[in-house]
Each structure stands twice: as structure tokens, then as C-alpha cells.
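As C-alpha cells, the structure follows; a few thoughts come after it.
Chain naming here is simple, since letters A, B, ... match the order of the sequence lines and numbering starts at 1 in each. Just so you know, these numbers use all the heavy atoms, side chains as well, and skip hydrogens, waters and symmetry mates.
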Amino acid sequence: MPGQSVGAVELQRAHFDQPLHLRSGGVLPAYDLVYETYGTLNAAKSNAILVCHALSGHHHVAGHYAHQPENIGWWDNIVGPGRPLDTDKFFVVGLNNLGGCHGSTGPSSTNPATGKPWGADFPIVAVNDWVHAQARLADMLGIDSWAAVMGGSLGGMQALRWSITYPDRVRNAIVIAAAPKLSAQNIAFNDVARQAILTDPDFHGGNYYEYNTRPVRGLRLARMLGHITYLSDDQMGEKFGRELRNSAFSFGFDVEFEVESYLRYQGDKFAGYFDANTYLLMTKALDYFDPSREDNGNLTATMARSKANFLIASFTTDWRFTPARSKEIVAALLANGRNVAYAEIDLNFGHDSFLMEDAHYHGVVDAYLRNIKL
Amino acid sequence: MTHTLGRPDFELIAGWIEPGHRVLDLGCGDGSLLKHLIELRGVQGVGVEIDDANVLAAIKNGINVIQGNLERGLDEFTDQAFDHVVLSRTLQTVRHTEGILREMLRVGREAVVSFPNFAYWKNLRSVLDGRMPVSEDLPYQWYDSPNVRFFTLLDFEDLCNKMGLIIRERSVLDEEGNPVSSEVNFLGSLAVYRLTQNR
């Protein structure tokens, strides 16, 4: 791949004592956010890019850890010297959102009021709550306004929300493979995933930590279902087709088709490290996301509050958040006379395309970022 | 005659556009015309383009480019959002000719359309010689041409009449980009029209 990796990186932790009042009515009295930074903040503090993560992402966006060279960031292919998020020019910040399970305060963290894990008591967090928490991290880092806030999928929704909530603090928003709100079908998939977790006997109403167990079966199913929606039919066909692990049918319910093997592997891997409560929270944040709700569903009125320039990108094979959903955002921006570029990228990897390395896709992001004046 | 952009129709179009106007360029390519208009006239510009390489080039040029297919309409644009909607040398590549003209005048106050004139005498001579024309303004072989509609100034004006479109202004250029004032359907290689409609 062109450009270089940012190399060895270190996790950082910020503690916030000021209570955070959440959209759900809940309050987090204090919280931690783990984050990483790549590149150098310039003297004017004008070159910072915030990368927001999607459902299962985290702060480790790029590079690797010195003691774990194999642990490479989830969007490493786009960050580094000579890459679109060029760390010779930009100061890139990644963090783990509230409710996460990678070090920031979440359901598996200790609730100071009880001395036990938050579990089911962890309040529901919304995308806008994350944005407020991220703004406090920006304050702490001395960043008044981001050169860009960007992300794919749920990460793109955070970039969109930033531009509405803090219009003076976002100069550019890069919204990739996102939607202005979920469709009924999107919510339906999320609910099946949640039901898989909620009905797992090991869930214990969300307080499974106290039982020294985890709802692994439910989380595994949730991930298998989610994973199908991230891929395209064509891609699955090319990758697996109807290939069998053994040459003949076994006429049983064990793994037979390669696609089954793949999905079970993905489910097992994910269920091995991810927290089920976090999965529930992230899917609810997705379901509730709808900035236009503040304007009776009129997204154009909502986007009138934004001042940023936008790059919107979608993928032709993404059936989870189709190009048409991105174009809803484009239309609302155009109606307000905002600066917006929109690329509909022909990549075969479905919703997951946003994580892939592709010369045209990365070229678009690179070209857009190169024109940003610091 | 030299032209800053190598595109004589661009200069004509630029001359028709007032500073600060809102301009939509359909089939904007790498955004050269919009960039020219932004720098020269301070317009607010948006382009629509289907081709990946052109979209990338337009983004490099800092243009508000929307990737899309004109054949599917201009749904992302609201009514009368623009002062001018430009379709430069693209109408002959569009199947839904009436549809795109209607869409142009839905989203814009004025449509600016340029297209190669099939009845240009060199084109006619070429056909009489038994060959499909290849010229400055029809620069393709029959087998690799993006053009799907072949028409003349007279044909276009008939369509405008049928659709109730008003021709506000017309400029006709020869192959060198020089203005043609007589026998335009015979001597003109490229035509540029300003259209409006009564509301």
C-alpha cells in the first residue's frame, strides 16, 4: 500500500470529572475516555482530524503497539505518512466511545456508586452524547475546531452529528457509508441481534459479570447476523459460493458450507472479546440516531445549522446503508447551499467497503483532505 | 482564435453568467468550467458527473461535485435552486432528452445547452462520402462514441418548440470556435442555447 504506517503507538487515557447529562436522561458522574493520537498538533492547533469509530471499533485506529506488533489499528490503511490522513500534515485522534468495551467507561467498568460493574445500570448513550464527550476531549487537547471529523457507518453519523451540534468546531465532515437515520429494516436487524443477546440464559439481565459468565452464544449470533449485512451478496458468492468444507454433503447440522464456517469463526472471534452490553448500547445508539427529529423530520432544516464543508461517500454494493441514504444527506446539504462533494464508489465489499483499501476510494479522501486549508 | 480553456463554448457560457450566480454544471467532467466560473465570476457552483476519474479530478479541483447519472434525473436538487443549469456537449449522450431538459428547468431558472450540430457541412460531406463524421466537435469513431442522439440546430429548435421552451439566446460556432452568423445550420459545428420556460 502507498505511504507508511504510523508505526508504534501508545494508548492514552483521559479522565473527566464533570458529569455528563445524557439524552436518555441518565447521568455519568465521571468517566474515562481512552484515545490515541498520530502526527503532531501544529502551533495553531488547526490540523486535527477526529476519526469516529463504528459499532465495534475503538481508539486503536492506526499503527501497532510496541509489545503487540500484530495488533494493527482498524483503519491503518488510511492513516500515516503519505496516506490520505497524512500524519505529516494532520494530527489524527481516535477514541473509544462511552459505553464501549476497549477502555473507555462502559457497562463493564466499575460503577462508583456500587463498587460493582455497571452492567444493566449503565445508561443508554446516544450519538450526540458521544459527540459531547468527544468535545470535552477536544477541549482537553486544546482543539477549538477540527480540520475534519470523519468516520464510516456509525462513525459517519458522529461526523454528521458533530456538524449539527458544534457547527463552529467542525470545518469539514467526512461521512462515509452512513445514513441520516436508520430504516425499519436496519432497526429490525439490530433488534434480532439484541434479542439473541437478551434471551441468552447467560445474560442475567445484563449483570452477567457478577455470575462470572458472558452471553457468548447470543453475542455470537448477533455478530453472525450483523456480519451478513456488512457483506455484499456478490462478494459472499465469490468468496464462498456453495463450497463445502468436505467434498460431499453430510446430511447433518454441523458446519458443511464454507460460508457457515466463516460466519461461525467470525462470531466466535467477536464473542471472545466484545462485551454484549456494549453491543446492545451501540445498536440502540444507531436506532435512535435521527438528527432531523429535532426539526420534525426535516433534514434540510437540521443541516441548516451546520457550517462545515462535506465529503459524502457511499458504496454501490452497500445494502445496509445504500447510496440513496447518503444522497438524502447530500440533498439536505445542497438545499442549504453547503459545500459538498459526493462520491459513489464501486467496490464489491458491501458495507465493509469503507474499511477496504482501494486506490479510487482512498484517492477521493486524499484529494478532499489535500484541499483543506489549515 | 485562442481560448483559455480550449473550449470556446465555455467562454460564451462564462459571458452569460453574472457574478455570484448559482450554477449547476451537468456532466461537469473535471470541473474546469466551474473552476473557471468560480475564479472569474465568483459563482457558487455545483457539478454532476458520472465518471469515477472525473469525480476524483473535480474533487482535486475543489469543486462541489455530486456523482450521479443524469438519466436518473436530478432528485437531489430542489426546484429553482440555480440561476443557470449548464449541459455542455452532453445532451447528445443522454437518452432521456426531454426528461433532462425538463429537469434542468425545474432546478434552474435558465438552461444553457451546447451540442455538436450534425448538419455541419463537413459532417454532411463525410456522410455523403460514406463515412460517419469525425471532427473537432464529434471527436469519436462510431464504435467508441458516447453519443446516442444525432441532431441538428433545426431539430433541437423543433423540440424546444414542442416542449414550450423559450430560446433566449443562441450562439453558433464553427470548428475553430469562431462565431457563425449566417446559414448556421450548415456552417455551425457547435451550438450554444440559453433556454427558459414560462412559469
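Between Thr300(A) and Thr78(B) there is no side-chain heavy-atom pair separated by less than 4.5 Å. Between Tyr342(A) and Val65(B) there is no side-chain heavy-atom pair separated by less than 4.5 Å.
Looking at Leu311(A), the atoms closer than 4.5 Å to chain B (heavy atoms on both sides) all sit in the side chain, from C-beta outward. Heavy-atom distances place the backbone of Ile63(B), and not its side chain, under 4.5 Å from chain A. Only the side chain of Asn371(A) comes within less than 4.5 Å of a heavy atom in chain B; its backbone stays farther off.
The number of heavy-atom neighbours closer than 6.0 Å to CZ of Arg293(A), taken from other residues, nucleotides and ligands shown, is 12 or below. Heavy atoms of other residues, nucleotides or ligands lying less than 6.0 angstrom from CG of Asn198(B) number 12 at most.
Judged as a salt bridge (charged side-chain N to carboxylate O under 4.0 Å, His left out), the pairs with a partner in residues 324-347 of chain A (not counting sequence neighbours) are, in order, Arg325(A)-Glu328(A), Lys327(A)-Glu76(B).
With rounding to the nearest 0.5 angstrom, the CD atom of Gln67(B) is 12.0 Å from the OG atom of Ser326(A).
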Side chain to side chain contact (heavy atoms under 4.5 Å, CB included), that's the test. Do Ile312(A) and Ile66(B) meet it? Break it down for me. CA-CA 9 Å; Ile312(A) 312 283; Ile66(B) 309 301; over 6 Å; no
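Listed by chain and residue number, Arg89(B) satisfy the salt bridge (Lys or Arg N to Asp or Glu O under 4.0 Å) test with Asp137(B) (two or more places apart in sequence, or in another chain).
In terms of heavy atoms, Ala367(A) sits closest to Ile59(B) at CB-CG2, 3.9 Å. Between Val340(A) and Asn64(B), the shortest heavy-atom distance links the atoms N-OD1, 2.9 Å.
Contact tally against chain A (heavy-atom pairs below 4.5 Å) for Leu56(B), Ile50(B), Val46(B), Asp52(B): the top residue is Asp52(B).
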